[in-house]
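Before we start, here is the structure in question, set down as C-alpha cells.
Bear in mind the structure is a predicted one, so any value in this text is a computation, not a measurement. Lettering follows sequence order; numbering is per chain, from 1. We use all heavy atoms of the structure for the numbers below, so side chains are in, but hydrogens, waters and symmetry mates are not.
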Amino acid sequence: MTETIQQQIQFLTKGCVDVVPSDALRKKLQRSWEKGEPLTIKVGFDPSAPDLHLGHTVIIRKMRHFQQLGHRVVFLIGDFTGLIGDPTGKNTTRPQLTPEEIETNAATYRRQIFKLLDPETTVVDFNSKWLGRLSSAEWIRLAAKVTVAQMLERDDFRTRYEAQKPIALHEFLYPLAQAYDSVVLKCDVELGGTDQLFNLLMGRHLMKEHGLEPQVAMTLPLLEGLDGVEKMSKSLGNYVAIEDPPNEMFGKLMSVSDDLMWKYWLLLTDRTAEDIEKMKADVNEGRRHPMEVKKDLARSLVEEFHGADAAESAEGEFGRVFSGRKLPAEIPEVEITSETPTMLLSKVLVQAGLAVSNSEARRLMSQGGVKVDGEGAGDPKMIISAISGQSLLIQVGKRRIARVSIVKTD
RNA sequence: GCAGGCGUGGCCGAGCGGUUAAAGGCAGCAGACUGUAAAUCUGCCGGCAUAUUGCCUACGGUGGUUCGAACCCAUCCGCCUGCACCA
C-alpha cells in the first residue's frame, strides 16, 4: 500500500519543480486512498487566449495524471481574474468579455483539452461565479489578510518595483482572487507553471486564514519554445499549437534543438524519467541517432493529437521533403495578375506571398534562396514572361513553395 | 503640485552634433555543411526604385537652434522615484 502511494507520488511529481510542502501530497493521497475520496485538483486558465499550445499541455498532462488516479480535476477558466490581466508587467486591465465570448472560448477550450483529458470527469468552471458576487466589503476583508510586504515577495512584483517599473494597485488583487478560488473550491492541489508559485502559495495562505487545510502547490517548468530561448508563447511565434496540422506539427518538433528535445520528452510525453535517461545515454554513446529519437518524439505527439495515420504520413512527408530534398506532396496553387507582358521575378514573389517586400525578394534571390521550376534564380533582375495560363513552380528556401500561375490583365 | 530620472529598430540594449538605417546580443531569414526545419560556419536582417555610391521613412509627439540632430533648446505626451498635499 505505501508502495503504491510511493509509486503514485513518483508518477505525479515527474517533471515537477516544486511540491510545497513536500510531505503533504503523500498525506493527502494516503487519506484519499483510505477514505475513498478523490482529491480536488485545480488549474486556472486565461479566458481570452483559448489557443492552446504544447506549453499548456505540460500542465494539462499533469492534470490527466491525477485524473488517471481517480481524482477530480477542475479546469477553471479565469474569466474574472482575466479582467485584472495577467500581472506580468503589461499592466492593462482587460475589457470584460461578453458572456457569448466566454462561452465561445470555453467551447474552444473544451474541444482542445478533451484531446488529453477525460470529458466525463473533468469539471469546467468559471471563477466569475463566486468572485463576481463578492461585495466591496468582502474584498476589503480579503485584502486585509495579506500585507504589502508579502505581496512584494512575489518575484515579478519585486523586480518591477526595484527596476522602477509600474505596478498597478489592482495587480495585487490577482493573486488574492486566484487564492480565493482555492478557498471556494477547497482544493487539495493546485498546479501551475513555476511563475505561478507565488499565487499558489497565496492560496495556501488564504485557505489557512479561512480555517481550511491548505492546498499543495505543485509547479511545472515553463517549456521553452522552438527557439530554445523564450518560453513557448503564441505572441513570440515559437509555439506548436495543439491544433497545428500534422505536417506542421511534425516539422516544428523536428526543429527543436537536440538539447531541448529531452525536456520535451520529459514534459510532453508519459515516458518515465528513467526511460528518457536511457534514451539520452544511448544517444550520447552513439547507439542511437538523435534525429531518430527526435522523430519518435514528433511522431508520438502528432499521433496523440491527430492519430496514428496522420503521424505516419507526416513522418513520411518530412523524410521526403527535408531528408530527400523532394517536393512536398501538396503544393499550394497561387494565382497572380500582370498587366505587362513581362514581370520581374521579385514582383512575382511578392504578389504570390512568397516574400513580404520587393527588397526581401531580391535579397532572397541574390542569396540563392529562390528556385523557379527547379532552376536557381540568383539574378535579382530576373524577368519572366507573363503568359496567361503559364504555371511556375517557385521555391523560396526549403519551406516556402507554390505553384504560381499568371493571369494577364489589360 | 515641486524636484529628479527615463522614453532608441520585433525584443533587450549602445550611441549623446556629422564617418548612424543607427554598435552588440536575442529572435527571424537565406546559404554552406549535415544527421533534421538539430549543431556549427557564412551572409542578410526599414521601405521604395529593373538597383553598387539614388530617394523616402525611422530613435515618444510637435516646434526650434545648426551647413548638419537620436544626440542641443522649448513644449507636449507617457512612465518611474522622492518629497509635499489630502486622508
Give a yes or no on whether the backbone of A/K145 and the side-chain of A/H205 come within a donor-acceptor separation of less than 3.5 Å. yes
Looking at A/L393, is its backbone amide N or carbonyl O close enough to the side chain of A/R403 to form a donor-acceptor pair, meaning the two atoms are under 3.5 Å apart?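 Not at all, since once roles are kept as given, no pair shorter than 3.5 Å links the two residues.
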Distance, rounded to the nearest Å, where A/M382 contributes CE and B/U50 contributes C1': 14 Å
Does A/K252 place a side-chain N or O at less than 4.0 Å from the phosphate oxygens OP1/OP2 of B/A38? no
Check whether any side-chain nitrogen or oxygen of A/S357 sits under 4.0 Å from OP1 or OP2 of B/G47, and answer yes or no. yes
Using a 6.0 Å cut-off, check whether atom NZ of A/K295 has over 12 heavy atoms from anything other than its own residue.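 Yes - once you tally the heavy atoms of other residues, nucleotides and ligands closer than 6.0 Å, there are more than 12.
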B/C6 - base-pair partner by Watson-Crick or wobble geometry, distances under 3.5 Å: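 B/C6 is paired with B/G78.
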Just how far, in rounded Å, is P of B/G28 from CG of A/N238? 8 Å
Roughly how far apart, to the nearest Å, are B/A69 and B/G18 at atom C1'?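 Nearest-Å result for B/A69 against B/G18 at atom C1': 9 Å.
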Contact class for A/I383 vs. all strands (heavy atom < 4.0 Å): base, sugar-phosphate, or nothing? base
Which of the following nucleotides, B/G35, B/U36, B/C29, is nearest to the side chain of A/R399?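 Ranking B/G35, B/U36, B/C29 by closest atom to the A/R399 side chain puts B/C29 first.
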Integer angstrom distance from the P of B/C73 to that of B/G17: 12 Å
Select base, sugar-phosphate, or nothing to describe what A/D227 touches, counting heavy atoms under 4.0 Å on all strands.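 The answer is sugar-phosphate, as A/D227 gets under 4.0 Å only of primed atoms, P, OP1 or OP2.
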Value in whole Å for how far the C1' atom of B/G35 lies from CE of A/M291: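 From A/M291 CE to B/G35 C1': 5 Å.
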Examine B/G47: is either OP1 or OP2 under 4.0 Å from a nitrogen or oxygen in the side chain of A/R363? Give yes or no.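 Yes.
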Determine whether more than 12 heavy atoms belonging to other residues, nucleotides or ligands lie under 6.0 Å from atom CD of A/E103.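 Correct, the count exceeds 12.
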Taking the C1' atom of each, how far is B/A32 from B/A39, in whole Å? 14 Å
Looking at B/A49, I'd like to know if its phosphate oxygens (OP1 or OP2) sit under 4.0 Å from a side-chain N or O belonging to A/K347. yes
Partner of B/C83 by Watson-Crick or G-U wobble geometry, both contacts under 3.5 Å, or none?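 The answer is B/G1, by the H-bond criterion.
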Any donor-acceptor pair under 3.5 Å linking the side chain of A/R72 with the backbone of A/T40?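 Here the side-chain-to-backbone pair does not exist.
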Testing B/A30, B/A27, B/A37 for proximity to the side chain of A/V229, the answer is B/A27
Please report the distance separating the P of B/G31 from the corresponding atom of B/A37, rounded so that it comes out in whole Å. 10 Å
For RNA chain B, whose closest nucleotide is more 5', that of A/F322 or that of A/S346? A/F322
Is any side-chain nitrogen or oxygen of A/N358 closer than 4.0 Å to OP1 or OP2 of B/A49?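 Answer yes for this pair, as a side-chain N or O of A/N358 is under 4.0 Å from OP1 or OP2.
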For nucleotides B/A22 and B/G10, find the distance between their P atoms and express it as a whole number of Å. 15 Å
Within the structure shown, what part of the strands sits under 4.0 Å from A/G368 by heavy-atom distance: base, sugar-phosphate, or nothing?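 Sugar-phosphate contact only.
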Return the pairing partner of B/C11 with a 3.5 Å limit on both distances, Watson-Crick or G-U wobble; otherwise return none.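 Paired with B/G25.
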Is there a side-chain contact between A/R400 and the phosphate of B/A30, meaning an N or O under 4.0 Å from OP1 or OP2?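 Yes, because at least one side-chain N or O of A/R400 sits under 4.0 Å from OP1 or OP2 of B/A30.
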Counting only side-chain nitrogens and oxygens, does A/S255 get under 4.0 Å of the OP1 or OP2 atom of B/U36? no
Between A/Q112 and A/L52, is there a donor-acceptor pair closer than 3.5 Å when you use the side chain of the first and the backbone of the second?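 Answer holds: yes.
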Pair assignment for B/A70, Watson-Crick or G-U wobble, requiring both distances under 3.5 Å: none
Contacts of A/F318 and A/V396 projected onto RNA chain B by closest heavy atom; the upstream (5') one is A/V396
Just by distance, with hydrogens left out, do A/W265 and A/D296 show a side-chain donor and acceptor under 3.5 Å apart?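 Looking only at side-chain atoms, A/D296 and A/W265 do not form any donor-acceptor pair under 3.5 Å.
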What is the separation between atom CG on A/L301 and atom C1' on B/U36, rounded to the nearest whole Å? 16 Å
Can you say whether a donor on the side chain of A/Q367 sits under 3.5 Å from an acceptor on the base of B/G31, or the other way round? no
Starting from C1' on B/A27, measure out to CG on A/L226 and report it in whole angstrom.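 Answer to the nearest Å: 12 Å.
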Can you tell me how far P in B/A38 sits from the matching atom in B/G28, rounded to whole Å?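 The same atom, P, in both gives a distance of 10 Å.
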Base, sugar-phosphate, or nothing for A/S359, non-hydrogen atoms under 4.0 angstrom?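 It contacts base atoms.
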B/G7 versus B/G15 - spacing of their P atoms, nearest Å: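 B/G7 and B/G15 have their P atoms separated by 11 Å.
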Would you mind telling me which of B/A39, B/U52, B/U36 lies closest to the side-chain atoms of A/K381? B/U52
Can you tell me the distance, in whole Å, between the NZ atom of A/K234 and the P atom of B/A27?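 The answer, rounded to whole Å, is 23 Å.
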Using Watson-Crick or G-U wobble geometry with both distances below 3.5 Å, tell me the partner of B/C33, or none.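 Result: none.
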Within a radius of less than 6.0 Å around CG of A/D309, do more than 12 heavy atoms belonging to other residues, nucleotides or ligands occur?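 No, not enclosed.
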Atom P, compared across B/A87 and B/G4: separation rounded to whole Å: 28 Å
In whole Å, I'd like the distance from the CZ atom of A/R362 to the P atom of B/C29.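 Spelled out: CZ on A/R362 to P on B/C29 is 22 Å.
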What is the separation between atom CD on A/E360 and atom P on B/G31, rounded to the nearest whole Å?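 It works out to 12 Å between those atoms.
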